[in-house]
Amino acid sequence: MAGGRRTYRTRAIVLDRTKLGETDLILTLLAADGRQLRAVAKGARKPGGRLAARVELFSETDFLLAKGRSLDVVSEASLVEPHAALRGDFERVAAASAVAEVARLTCYEDAPDGYLAPICSRALAACEEAADRAHLDLVAAAFAWKVLAHGGWRPELEACCACGDADVTFFSPLAGGMLCESCAHEVAGAERVSASGLSWLRALLALTFDELLAAPVDAETAVWLLGRSHTWAATHLDARLRAMEFYLGAL
């Protein structure tokens, strides 16, 4: 017990920060067990405050949290992994913001999921490691596809999701994945996809981040893949992904 309130410890990734009052922040956190937590970090906006550097966006931190009526309160914080290589790099911050946004929209309070925190941590590290903008695009696109597939929104990429035909040449988020040419005529907005494009869509799901970072990819293909991941996520999460929109526009 601390100050009459129950306390608990957890390692968590800072996904979002909202200003509260003059000096405080409301943190949206992805806990190690995959739950979404929201907590107030008092004085976190004070210059030189003890919490300021420990609750930066994308940081992985060990927290001692006190249970509150509506929001928990940060009692202690110890920085574990700051992802420092993201700081001061516009493109890396934009890509990491897109990752954090998808993570925030796919984790839920009181819904533990051991898959989410490790893959989010790895994706943020991959944003640090990416050699160029094209590979940053691959990381953000792959994270969105992998996490949504894990959550039940896996695209059908092997056969037509309408009739089962293996000869697929069109993609539609609304339909649920790939379509044959015949079925595509019945689906508004279905987009023709080349054989190379289809191979890359499959690779986003199949390859590890290490493999994606090592794969040769041109900028045009990477942007196209990021665009497909954006439309897929926005469609199936039924949400506007502002950070990913911003990143797509920052070319």
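The structure presented is a predicted model; accordingly, all values stated were derived computationally and were not measured. Computed from heavy atoms alone, side chains included, the values below leave out hydrogens, waters and symmetry copies.
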Practice problem: For Glu181 and Asp167, run side-chain contact (heavy atoms from CB on, under 4.5 Å): C-alpha distance rounded to whole Å, both residues' side-chain angles, the deciding distance at 0.1 Å, then the answer. | Solution: CA-CA 8 Å; Glu181 187 158 4; Asp167 185 13; over 6 Å; no

Using modelled atom types and a 3.5 Å cut-off, is there a donor and acceptor pairing between side-chain atoms of [X] and backbone atoms of [Y]?
X      : Y      : result
Arg17  : Val55  : yes
Glu156 : Cys161 : no
Lys146 : Thr208 : no
His236 : Pro173 : yes
His230 : Ala141 : no

If you define the side chain from C-beta out and look only at heavy atoms, does anything of [X] sit under 4.5 Å from [Y]?
X      : Y      : value
Leu105 : Leu241 : yes
Leu198 : Phe171 : no
Glu56  : Val14  : no
Val217 : His135 : yes
Phe170 : Val187 : no
Cys163 : Cys180 : yes

Can you name the nearest heavy-atom pair linking [X] to [Y], along with the distance?
X      : Y      : answer
Leu57  : Leu15  : CD1-O, 3.3 Å
Ala12  : Ala31  : CB-CA, 3.9 Å
Lys46  : Ala52  : O-CB, 4.1 Å
Leu205 : Pro155 : CD1-CG, 4.0 Å
Leu248 : Gly227 : CD2-N, 4.0 Å
Trp145 : Ser229 : NE1-CA, 2.8 Å

Exercise. Kindly indicate, with the supporting measurements, whether the criterion side-chain contact (heavy atoms from CB on, under 4.5 Å) is fulfilled by Phe143 and Leu124.
Key: CA-CA 10 Å; Phe143 178 77; Leu124 292 173; over 6 Å; no

Exercise. Measure from NZ or CZ of Arg133 to the centre of the six-membered ring of Phe90 and say whether it is under 6.0 Å with the direction within 45° of the ring axis.
Key: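 Negative - Arg133 is either too far from the ring of Phe90 or too far off its axis.
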
How long is the straight-line distance from [atom2] of [Y] back to [atom1] of [X], given to the nearest 0.5 Å?
X      : Y      : atom1 : atom2 : answer
Leu51  : Phe63  : CG    : CZ    : 8.5 Å
Arg92  : Phe58  : CZ    : CZ    : 12.5 Å
Cys127 : Glu91  : SG    : CD    : 11.5 Å
Leu237 : Leu148 : CG    : CG    : 4.5 Å
His185 : Leu179 : NE2   : CG    : 11.0 Å
Asp24  : Lys19  : CG    : NZ    : 12.5 Å

Crowding at [atom1], [X] (>12 non-hydrogen neighbours, <6.0 Å):
X      : atom1 : result
Asp218 : CG    : yes
Arg104 : CZ    : yes
Arg242 : CZ    : no

Quick check: is [Y] connected to [X] through a chain of hydrophobic side chains (ILVMFWY, heavy atoms under 4.5 Å apart)?
X      : Y      : result
Ile26  : Leu65  : no
Phe209 : Leu138 : yes
Tyr108 : Val99  : yes
Ile119 : Trp232 : yes
Val74  : Tyr8   : yes

Exercise. Could you walk me through whether Thr61 and Leu79 pass side-chain contact (heavy atoms from CB on, under 4.5 Å), step by step?
Key: CA-CA 4 Å; Thr61 300; Leu79 191 61; 3.6 Å; yes

May I ask you to decide whether [X] forms a salt bridge with [Y], counting only side-chain N to carboxylate O separations under 4.0 Å?
X      : Y      : answer
Arg54  : Glu76  : no
Arg45  : Glu22  : no
Glu245 : Arg240 : yes

Quiz item: Can you pull the salt bridge (charged side-chain N to carboxylate O under 4.0 Å, His left out) pairs that have at least one residue in residues 220-232, sequence neighbours excluded?
Solution: Glu191-Arg228

Quiz item: So Leu212 and Val139, side-chain contact (heavy atoms from CB on, under 4.5 Å) or not? Walk me through it.
Solution: CA-CA 7 Å; Leu212 289 167; Val139 169; 5.9 Å; no

Quiz prompt | Counterpart residues, ring-ring contact (aromatic ring centres under 6.0 Å, His included), relative to His150 (two or more places apart) | solution = Tyr115

Self-check item: Verdict with supporting geometry, Ser121 and Glu60, side chain to side chain donor-acceptor pair (under 3.5 Å)
Solution: CA-CA 8 Å; Ser121 175; Glu60 298 185 45; 2.7 Å; yes

